[in-house]
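Take a look at this one; I'll ask things after.
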Amino acid sequence: MTGLQEKIFEIMKTFDRVCRENGLQYYMLGGTMLGAIRCKGFIPWDDDADFGLLRKEYDKLLSLPEQCFPTGYRLRHFSKEDGVPYAFIRLEDERTTCIEARRSGGGYEGGVYIDIFPLDADSNSLALRILKEWHVRLEKKLLYAHIAEQGAVKNPVKRLVMRLISKYTDADTLVRQLDHTVRAYGRKRETMPQWGEARCSNYLGHWGRKESIPRRVFDGEIRQRKYFAFDMRRGEQIEARPEGRSREYEFEGYSFFGPVDNAAYLTALYGPDYMIPPKNDERVGHPATVIDLDRSYHSIKEK
């Protein structure tokens, strides 16, 4: 592991311990889950970690008292403090500094982190999922205009649009609106029995409607609609089996929880060739303005 990955790994273990102690079920998501399967740890060029919880458990995590987290770790969310430009949770190590070029334009400073996303109920209708994706993406773009450093955006037209948006809108209002939109979509799906909770989605994730996954893939429980996934890489039909709410996977010699049917989940996000690493020029991380693993962002901000 790199020094940054070692810090992230410590945050991951802290998050896992807090969830286990409080009976919260989480899942590794995205590149973190891919790393667990492909590398049994971090993808070599990866510089973050993603986790998700079903909405009810996500809200329980958000409501935990600060005393549940060890000294030096801070759960950051817009509902807890002003100026947090994300509609999801970040668990940060306050003894470090991580300021990203694409996300610090609004003056947000923080430490090395992991991202924790809510997983909400979703529709089985592709048309409705596409409409949802467009709506959520628009609100995310408006928010991005506030949080990205304009120097990190090369296109002059985009920079002009970003300046106009940031002039006439408010970041705190936009992040609360995005959270309201996502929650409303989830509640609407839960109240429609013809769809129920057959699918759940990380609406705030990077991959758009690809993040809408049959819930059975996550927890193995049979619901209203039987689900099969065809994994082209393995050339066989697979079915998520009821092996419990999740499975544990090795990650850098430690065990973390992930979706029961990891093959179906990873195929949905990355396609059937997810075990094949990308080309060297496609191996990118998050561009950072400041990374300091030994100094707190509080002290750097004061200077």
Side-chain angles (χ1 to χ4, degrees), residues 11 14-15 18 48 50-53 55 57-118 120 135-153 161-187 202-206 286-292 295-303:
I11 304 173
T14 298
F15 170 69
V18 170
D48 69 349
D50 297 326
F51 294 87
L53 296 89
R55 173 63 71 174
E57 307 218 358
Y58 176 90
D59 287 340
K60 290 179 183 177
L61 174 67
L62 196 55
S63 66
L64 291 179
E66 293 183 5
Q67 293 79 2
C68 291
F69 297 89
T71 302
Y73 293 96
R74 183 179 178 186
L75 203 67
R76 305 195 70 180
H77 190 259
F78 71 87
S79 66
K80 294 179 175 287
E81 56 181 302
D82 293 332
V84 176
Y86 309 108
F88 51 85
I89 296 172
R90 276 194 164 177
L91 179 58
E92 296 183 355
D93 184 341
E94 290 194 284
R95 299 159 295 188
T96 63
T97 299
C98 180
I99 302 175
E100 296 172 341
R102 292 187 299 175
R103 302 186 178 186
S104 59
Y108 177 82
E109 294 96 3
V112 176
Y113 63 89
I114 64 171
D115 288 333
I116 306 167
F117 295 95
D120 288 290
H135 186 182
V136 173
R137 180 182 292 181
L138 173 61
E139 294 191 2
K140 288 168 69 175
K141 290 290 186 182
L142 293 174
L143 183 58
Y144 182 75
H146 284 271
I147 67 177
E149 289 184 7
Q150 294 193 14
V153 179
V161 173
M162 287 172 60
R163 284 198 294 269
L164 292 174
I165 292 173
S166 58
K167 182 178 180 179
Y168 294 105
T169 59
D170 174 70
D172 287 337
T173 301
L174 288 173
V175 74
R176 293 179 185 279
Q177 178 58 43
L178 178 57
D179 176 75
H180 173 77
T181 297
V182 170
R183 287 177 178 269
Y185 269 119
R187 284 195 298 269
N202 176 13
Y203 290 102
L204 301 174
H206 173 73
H286 298 78
T289 304
V290 179
I291 291 280
D292 196 318
R295 285 195 300 170
S296 168
Y297 64 90
H298 293 296
S299 63
I300 290 179
K301 183 178 180 180
E302 290 172 0
K303 294 182 180 181

* To the nearest 0.5 Å, what is the distance between CZ (F117) and OH (Y86)? -> 10.5 Å

* Asked: Can you name the nearest heavy-atom pair linking L75 to L62, along with the distance?
  -> CD2-CA, 4.3 Å

* Asked: Taking only residues two or more places apart in sequence, or in another chain, which ones meet R176 in a side-chain hydrogen bond (donor to acceptor under 3.5 Å, both in side chains)?
  -> none

* Going by the angle between their ring planes, with limits at 30° and 60°, are Y185 and H135 parallel, tilted or perpendicular? -> perpendicular

* Salt bridge between R74 and E81, side-chain N to carboxylate O under 4.0 Å? -> yes

* Any donor and acceptor pair, going by atom type alone, linking the side chain of K140 with main-chain N or O of G205 inside 3.5 Å? -> yes

* Shortest non-hydrogen contact from V18 toward C68 -> CG2-O, 3.4 Å

* Rounded to the nearest 0.5 Å, what's the gap from CZ on R183 to OH on Y58? Could you check? => 7.0 Å

* Structure fact -> On a heavy-atom basis, the closest approach of G186 and D120 is CA-CB, 3.9 Å

* Asked: What heavy-atom pair brings V175 and P85 nearest, and what distance separates the two atoms?
  -> CG2-C, 3.9 Å

* Which heavy atom of D115 sits nearest a heavy atom of R90, and at what distance? -> OD1-NE, 2.8 Å

* **E139 vs L143, side chain to side chain contact (heavy atoms under 4.5 Å, CB included): CA-CA, chis, key distance, verdict** => CA-CA 6 Å; E139 294 191 2; L143 183 58; over 6 Å; no

* In Å, rounded to the nearest 0.5 Å, how long is the span from CZ of F51 to CG of L61? -> 11.5 Å

* To do: Report the distance from atom CG of D93 to atom OH of Y297, rounding to the nearest 0.5 Å.
  => 9.5 Å

* To do: Let me see the working for L204 and L178 under side chain to side chain contact (heavy atoms under 4.5 Å, CB included), right down to the final yes or no.
  => CA-CA 9 Å; L204 301 174; L178 178 57; 3.9 Å; yes

* Asked: Quick check: does any side chain N or O of T96 sit under 3.5 Å from a backbone N or O of G111, one acting as donor and the other as acceptor?
  -> no

* To do: Would you indicate whether the side-chain heavy atoms of L91 and F69 approach each other to under 4.5 Å?
  => yes

* Can you tell me how far the OG1 atom of T71 sits from the CD atom of E66, to the nearest 0.5 Å? -> 10.5 Å

* To do: Taking atom NZ of K80 as the centre, report whether more than 12 heavy atoms of other residues, nucleotides or ligands fall under 6.0 Å from it.
  => yes

* Heavy-atom closest pair, residues I89 and H77 -> CG1-CD2, 3.8 Å

* To do: Give, for atom OH of Y113 and atom CD1 of I11, the distance between the pair rounded to the nearest 0.5 Å.
  => 10.0 Å

